[in-house]
Amino acid sequence: MRVALFITCVNDTLFPGTGRAVVTLLRRLGCDVEFPRAQTCCGQMHVNTGYPEEGRRLARHFVDVFASYDAVVAPSGSCAAMVREQYPRLARTPAPAGAPVGERPPPGPFAAEVAETVPKVYELSEFLVDVLGVTDVGAYFPHRVTYHPTCHSLRGLRLQDRPTRLLEQVRGLELVPLRGADECCGFGGTFALKNPAISAAMCADKVHNVVTTGAEVLCAADNSCLMHIGGALARQRAGVRIMHLAEILAATESGDDRAVRG
């Protein structure tokens, strides 16, 4: 299977180890993984802040870059949800001024390409469980871990227990439940910038619940949320490290868990 890695902006600029972990993991499972260098932002930030035309151009570019692959895998529930939920809307011709509210715009010039490409876009745990049909990926990670289901993965993609099923099969890993796991951490992309006080309060609640688990590692499927929670954990010197799901699943007995051991 020819798979493209859609790395996403946050991972590409701040967490490159996550992308390397995805490639290591998928190649271990027999996938032919490629990294299209022409890829750019998915446009989520633009659309969420009221710039649909800029988002539409990025959606068109995304389709041009990824259409030829059998599958597109992203280590981000947030960006995968953007492609799956928003691209079909962006692919429609913008409604003209004065059009009745609620009237469904007609398909745009690249709607057919979007309809063909979007179903091939998967968040990592979806791809592993639903497409490859595996939950035991041969990982070894002897640490106490708790999992935070990020909002887009939980409510947008509805990943449900896919990530925890994968974690439960990791040898040596002790998975402990997180109280209030389904509550937002307060990041929400631009939400944290526009509503810093509310965001900080939500993050404080999440950090408290993480610390009370006694976990060594907080795991999630989105590094953006991990960055938000991890910053608060670091400031409190809580002794809990953050780690993307891909990095744990890529770890083996050969020593790939060095990132958490420092």
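All values below were derived from every heavy atom in this structure, side-chain atoms included, with hydrogens, water molecules and symmetry-related copies excluded. All of these numbers come straight from a predicted model, not from anything done at the bench. For this chain, numbers begin at 1 and follow the sequence in order.
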Subject >> Full working for side chain to side chain contact (heavy atoms under 4.5 Å, CB included) between Y122 and V131 >> reply: CA-CA 9 Å; Y122 300 92; V131 179; 3.5 Å; yes
**OP:** Begin with the C-alpha distance, continue with both residues' side-chain angles, and end with the deciding distance and a verdict on side-chain hydrogen bond (donor to acceptor under 3.5 Å, both in side chains) for N223 and T18.
**Re:** CA-CA 9 Å; N223 272 327; T18 296; 2.8 Å; yes
**OP:** Would you sort out whether C185 and C203 count as a side chain to side chain contact (heavy atoms under 4.5 Å, CB included), showing the intermediate values?
**Re:** CA-CA 5 Å; C185 71; C203 187; 5.6 Å; no
Original post:
Can L124 and L26 be said to form a side chain to side chain contact (heavy atoms under 4.5 Å, CB included), step by step?
Top reply: CA-CA 9 Å; L124 177 63; L26 294 183; 4.3 Å; yes
**OP:** Check the pair V3, E34 against side chain to side chain contact (heavy atoms under 4.5 Å, CB included), reporting the backbone distance first and the verdict last.
**Re:** CA-CA 6 Å; V3 177; E34 298 180 23; over 6 Å; no
Original post:
Do E123 and R162 pass the salt bridge (Lys or Arg N to Asp or Glu O under 4.0 Å) test, and can you show the C-alpha distance, the side-chain angles, and the key distance before you say yes or no?
Top reply: CA-CA 11 Å; E123 182 275 334; R162 291 175 182 85; over 6 Å; no
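Ring pair H228/F187: centre-to-centre distance below 6.0 Å.
For F66, the ring-ring contact (aromatic ring centres under 6.0 Å, His included) criterion is met by F6, F62, not counting sequence neighbours. For the salt bridge (Lys or Arg N to Asp or Glu O under 4.0 Å) test, no residue two or more places apart in sequence or in another chain qualifies with D136. Annotation: side chain to side chain donor-acceptor pair (under 3.5 Å) contacts of R20 (sequence neighbours excluded): none. In this structure D70 satisfies the side chain to side chain donor-acceptor pair (under 3.5 Å) test with no other residue, sequence neighbours excluded. Residues satisfying the salt bridge (Lys or Arg N to Asp or Glu O under 4.0 Å) criterion with R57, sequence neighbours excluded, are E54. Listed by chain and number, the residues in a side chain to side chain donor-acceptor pair (under 3.5 Å) with R144 are E174 (sequence neighbours excluded). Qualifying salt bridge (Lys or Arg N to Asp or Glu O under 4.0 Å) partners for D32, counting only residues two or more places apart in sequence or in other chains: none. Under the side chain to side chain contact (heavy atoms under 4.5 Å, CB included) criterion, H152 pairs with Q44, S78, A81, not counting sequence neighbours. For D12, the side chain to side chain donor-acceptor pair (under 3.5 Å) criterion is met by no residue, not counting sequence neighbours. Contacts of E85 classified as salt bridge (Lys or Arg N to Asp or Glu O under 4.0 Å), with partners at least two apart in sequence or in another chain: none. Scored by the ring-ring contact (aromatic ring centres under 6.0 Å, His included) test, H148 finds no partners at all (sequence neighbours excluded).
In this structure a side-chain-to-backbone donor-acceptor pair under 3.5 Å is missing from T117 to V114. E116 contributes no side-chain N or O that, together with a main-chain N or O of E113, makes up a donor-acceptor pair within less than 3.5 Å. Remark: the backbone N or O of K206 is not paired with any side-chain donor or acceptor of E183 at under 3.5 angstrom. Not one N or O on the side chain of H61 forms a donor-acceptor pair closer than 3.5 Å with the backbone of T40. Under the 3.5 Å distance criterion, the side-chain polar atoms of T24 are left unmatched by any main-chain donor or acceptor of A250.
Look at E53 and R56 and you find a salt bridge, because one of the NZ, NE, NH1 or NH2 atoms lies within 4.0 Å of a carboxylate O, short of that distance. R171 has a carboxylate O that lies under 4.0 Å from a charged side-chain N of E253, or vice versa, which qualifies the two as a salt bridge.
In terms of heavy-atom proximity, V33 sits nearest to R27 at O-NH2, 3.3 Å. The heavy-atom pair separating L5 from P75 by the smallest distance is CD1-CD, 4.0 Å. Here the closest non-hydrogen pair linking C184 and C151 is CB-SG, 3.5 Å. Scanning all heavy atoms of the two residues, the minimum distance from L157 to A80 falls at CD1-CB, 4.0 Å. In terms of heavy-atom proximity, T135 sits nearest to Q169 at O-CB, 3.5 Å.
Residue V207 shares its hydrophobic cluster (ILVMFWY side chains chained together at separations under 4.5 Å) with L178, V210, V211, L218, L226, I229, L233, V240, I242.
To the nearest 0.5 angstrom, E126 atom CD is 9.5 Å from S153 atom OG. Atoms CG and CE, from N48 and M45 in turn, are 9.5 Å apart once rounded to the nearest 0.5 Å. To the nearest 0.5 Å, the span separating OH on Y147 from CG on L166 amounts to 9.5 Å. With rounding to the nearest 0.5 angstrom, the CG atom of D161 is 5.0 Å from the OG1 atom of T164. For the atom pair CG of N11 and SG of C79, the computed distance is 8.0 Å after rounding to the nearest 0.5 Å. Of the inter-residue distances, the one linking R2 atom CZ with Y69 atom OH reads 4.5 Å to the nearest 0.5 angstrom.
Using a 4.5 Å heavy-atom cutoff, the side chains of T150 and S224 are not in contact. Within the 4.5 Å cutoff, the side chain of H46 has heavy atoms near those of the C41 side chain. For the pair M1 and F127, the minimum side-chain heavy-atom distance is below 4.5 Å. Under the 4.5 Å side-chain criterion, counting only non-hydrogen atoms from C-beta, L175 is not in contact with T146.
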